[in-house]
**Student:** 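The following block contains the structure, expressed as structure tokens.
Proteins come first, then strands; the chains are lettered A, B, ... in the order of their sequence lines, and each starts at number 1.
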Protein chains: 4
Amino acid sequence: MLNAADDLLVEQGFAATTIEGIATRAGVAKQTIYRWWKSKVDILLDALADDAREALAWAEPAGTPSEDLTAHLHRVGAFFGEPAGQVFQALLGHAQLDKDTAVALREGFLLEQRERDAAGLGALVERHVGEAPDRETVDRLVDLLLGPVHYRILVLGGPVDDALVEATARAVLEEAAG
Amino acid sequence: MLNAADDLLVEQGFAATTIEGIATRAGVAKQTIYRWWKSKVDILLDALADDAREALAWAEPAGTPSEDLTAHLHRVGAFFGEPAGQVFQALLGHAQLDKDTAVALREGFLLEQRERDAAGLGALVERHVGEAPDRETVDRLVDLLLGPVHYRILVLGGPVDDALVEATARAVLEEAAG
Amino acid sequence: MLNAADDLLVEQGFAATTIEGIATRAGVAKQTIYRWWKSKVDILLDALADDAREALAWAEPAGTPSEDLTAHLHRVGAFFGEPAGQVFQALLGHAQLDKDTAVALREGFLLEQRERDAAGLGALVERHVGEAPDRETVDRLVDLLLGPVHYRILVLGGPVDDALVEATARAVLEEAAG
Amino acid sequence: MLNAADDLLVEQGFAATTIEGIATRAGVAKQTIYRWWKSKVDILLDALADDAREALAWAEPAGTPSEDLTAHLHRVGAFFGEPAGQVFQALLGHAQLDKDTAVALREGFLLEQRERDAAGLGALVERHVGEAPDRETVDRLVDLLLGPVHYRILVLGGPVDDALVEATARAVLEEAAG
DNA sequence: GCCTAATCGAGACGGTACGTCATGTCTTTAG
DNA sequence: CTAAAGACATGACGTACCGTCTCGATTAGGC
């Protein structure tokens, strides 16, 4: 069922991903879907949870902090090209239109992801400057880090290029070094 | 008609803003709407164009570059609380779900706005470092500048706070200074 | 649309006559049906009104009162074999299960039909005994006349035979003669 | 379970008497019901069999044949106001809509009842005219006797009044006396 | 000042998807 | 080993909008 939803979204887009369509595709009755989820958003959230956790995870240190940071940003940029990333993008889009979706997405995914990002970036900054930044600082740094890439993709709809990634990484490390 | 669309969107949200609803509210026949616009997205784009141009304009220099930059960012953050900002947010959201909307929004609004932002930030950077940056650099700086605020609002759904604005402005000016 | 309903009822029976089926058969959208009727019972009532009026009409005198009476009873018996009669039978059946149907059938058809029957039988009795019976008496005579045939068909499900028709006619005329 | 079905039918009507509802009301699993009956009609038939047999029984002679006949007709009329009578009416109604129900009702109840009616009326006629009528005649008399009352109740939905009952009884006895 | 023609409101139409209900079959769980 | 609980595929329900399509009625503007 989650696969059917995923596939339909990637193939046909969010609007054409109807509950009836998912049911048909999955060879399942509509009622069965309603038994487990209350909307297609709910289904996609479930589909997202597994995939995205992994795709947006912070890798183990493999080079200098700067290198690791740019690598992570590139991974984030690439994520939006994958199926799970398209689901994420669709849910983000729908969250702008519907408060319930916004809340569900926040609580079902974004808050956790924020924690992972804070932990990942916090550790990286500690490696860089020698001491762990406090939580408020880390939060701010996460926004500085992820904002430009998301802006490029979600608002401008453009690809993420090296120059932006490097400038962003540089800005974050400088700000962290204070 | 544009007012009816605007009002409905602010009062009821994007999904409940139907063409039938706009027609009823405006005391107009559905067909009359279809004569001028091909979808509700088109109507909202029209409604957005006027309002947002002004609300997101760059003000004349009024203080140090740093002060002007933080002031502009605060204005951007506040914009999303206004009716026009909600229309913008809805269109941005829908653009994630629908390619046609993405194209229309880009061509009908975002590209122009990008020009205004590049011009505004370019001039400010020139004031700050004494010479005008080239276009590629300005583009990168615009992403660095606007990304974090948009990320906070669109992805996290949270308010924009002073610390983030200041850190962002600082990062942009340092990056501009090289 | 009425034809589609009629046809389906005769071919498939009452339960299989669904609004979706009628819509499909008539090449029409479901909503169009709901615009004009609020249920399939309503549609069938409309379909009945035209056809049955004529089929259950009292013919002009053509023989002795007794002959005319048996002829009419035979016509009533035959009516249930025709499409309109099957619609009537189905509506009568459903009226036993649903108060709204009972009321609608009564007001949309039976009361009128009762008037026609009272007028027809009243005139016949007047021919037979020389004076017009009062309304209460006619009503009672109508029940005596139509009861046995309906009982045979609706309760026993059997055909109407000559002996019953003749006995009924005889009983009615004797009762009328006092 | 039979009680649950009965109660639901009287309280909520035939359509609202669902197998799910009966199961819930009886604190039983749907499957358990399907083990014993193949439809709600089957359940109601079972529920009917006991009650109606008694309610529609012919009483011992207690007065003149005419008095006994009107008394029986009144009892028949009153029966439709009782719970068992409502079940009978519902089954009769459904039998008009569904051939299987018609057959089941006939074989499960009506044929037996017909025998009882023929025996009861036959005996009464014998008391009245001194000799036992043959079976064909009795059948015809039963139709003459029960038709008007059923017509009043099932078709017109009205109450049975004294005048009708007396006229019917008179007509039957005269026809029997021939 | 009249008359064509464009434009408007109203709303019917064929569709698609919605979310709900009951069906009859089936599997799982607990006594 | 039975029976409760309830998941499942199916299919109709009645509703909401979609975008297209006639309809008059009402304005204009060109004669």
Side-chain angles (χ1 to χ4, degrees), chain A residues 1 4 8 12-43, chain B residues 1 4 8 12 14-43 98, chain C residues 1 4 8 12-43, chain D residues 1 8 12-43 98:
Chain A
M1 242 119 106
L8 275 177
Q12 323 246 31
F14 183 83
T17 302
T18 65
I19 292 212
E20 303 218 305
I22 296 170
T24 301
R25 173 90 157 224
V28 135
K30 245 196 316 179
Q31 183 57 39
T32 302
I33 292 184
Y34 281 107
R35 218 190 309 280
W36 296 99
W37 298 278
K38 66 184 229 302
S39 67
K40 71 175 169 181
V41 166
D42 243 52
I43 304 177
Chain B
M1 243 120 105
L8 276 177
Q12 323 245 30
F14 183 83
T17 301
T18 66
I19 292 211
E20 303 223 342
I22 296 171
T24 301
R25 173 90 156 221
V28 137
K30 253 199 306 182
Q31 184 57 39
T32 303
I33 292 182
Y34 280 107
R35 222 188 304 280
W36 297 95
W37 298 277
K38 67 185 229 302
S39 67
K40 71 174 169 182
V41 166
D42 242 53
I43 304 177
D98 178 73
Chain C
M1 243 120 106
L8 277 176
Q12 323 244 31
F14 183 83
T17 301
T18 65
I19 292 213
E20 301 218 306
I22 296 170
T24 301
R25 173 89 155 224
V28 135
K30 242 196 318 179
Q31 182 56 38
T32 300
I33 292 183
Y34 281 108
R35 220 190 307 281
W36 297 98
W37 298 278
K38 67 184 230 303
S39 68
K40 70 174 168 181
V41 166
D42 243 54
I43 304 177
Chain D
M1 242 119 103
L8 276 177
Q12 323 245 30
F14 182 83
T17 302
T18 65
I19 292 211
E20 303 224 341
I22 296 171
T24 302
R25 171 93 155 221
V28 136
K30 251 196 314 180
Q31 185 58 35
T32 304
I33 292 183
Y34 280 108
R35 219 186 307 281
W36 296 95
W37 298 278
K38 67 185 231 300
S39 67
K40 70 174 169 181
V41 166
D42 244 54
I43 304 177
D98 179 74

**Student:** Please give, in whole Å, the distance from dC13(F) C1' to Ile43(C) CD1?
**Tutor:** 13 Å
**Student:** Verify side chain to side chain contact (heavy atoms under 4.5 Å, CB included) between Thr18(B) and Lys40(B), making sure each step is shown before the conclusion.
**Tutor:** CA-CA 7 Å; Thr18(B) 66; Lys40(B) 71 174 169 182; 5.6 Å; no
**Student:** What's the shortest heavy-atom distance between Val41(B) and Phe14(B), and which atoms?
**Tutor:** CG2-CZ, 4.2 Å
**Student:** I need the CD1-P distance between Ile19(D) and dT23(E), as an integer number of Å.
**Tutor:** 6 Å
**Student:** Ignoring hydrogens, what is the shortest heavy-atom contact between Ala29(A) and Ala23(A)? Give both atom names and the distance.
**Tutor:** C-CB, 4.1 Å
**Student:** NZ/Lys30(D) to OG1/Thr24(D) distance, rounded to the nearest 0.5 angstrom?
**Tutor:** 9.5 Å
**Student:** Strictly below 4.0 Å, heavy-atom distances to any atom of DNA chain E: list the hits from residues 26-37 of chain D, or just say none.
**Tutor:** Lys30(D), Gln31(D), Tyr34(D)
**Student:** In terms of the nearest nucleotide of DNA chain E, which residue is placed more toward the 5' end: Glu20(B) or Gly21(A)?
**Tutor:** Glu20(B)
**Student:** On DNA chain F, does the nearest nucleotide to Ser39(C) precede the nearest nucleotide to Lys40(B) from the 5' side, or the other way round? Give the residue.
**Tutor:** Ser39(C)
**Student:** Rounded off to whole Å, could you give me the CE-to-C1' distance for the Met1(B) and dT7(E) pair?
**Tutor:** 12 Å
**Student:** Mind listing the closest non-hydrogen atom pair of Met1(B) and Ile33(B) along with its distance?
**Tutor:** CE-CG1, 4.0 Å
**Student:** Is any side-chain heavy atom of Ile19(C) less than 4.5 Å from a side-chain heavy atom of Tyr34(C)?
**Tutor:** yes
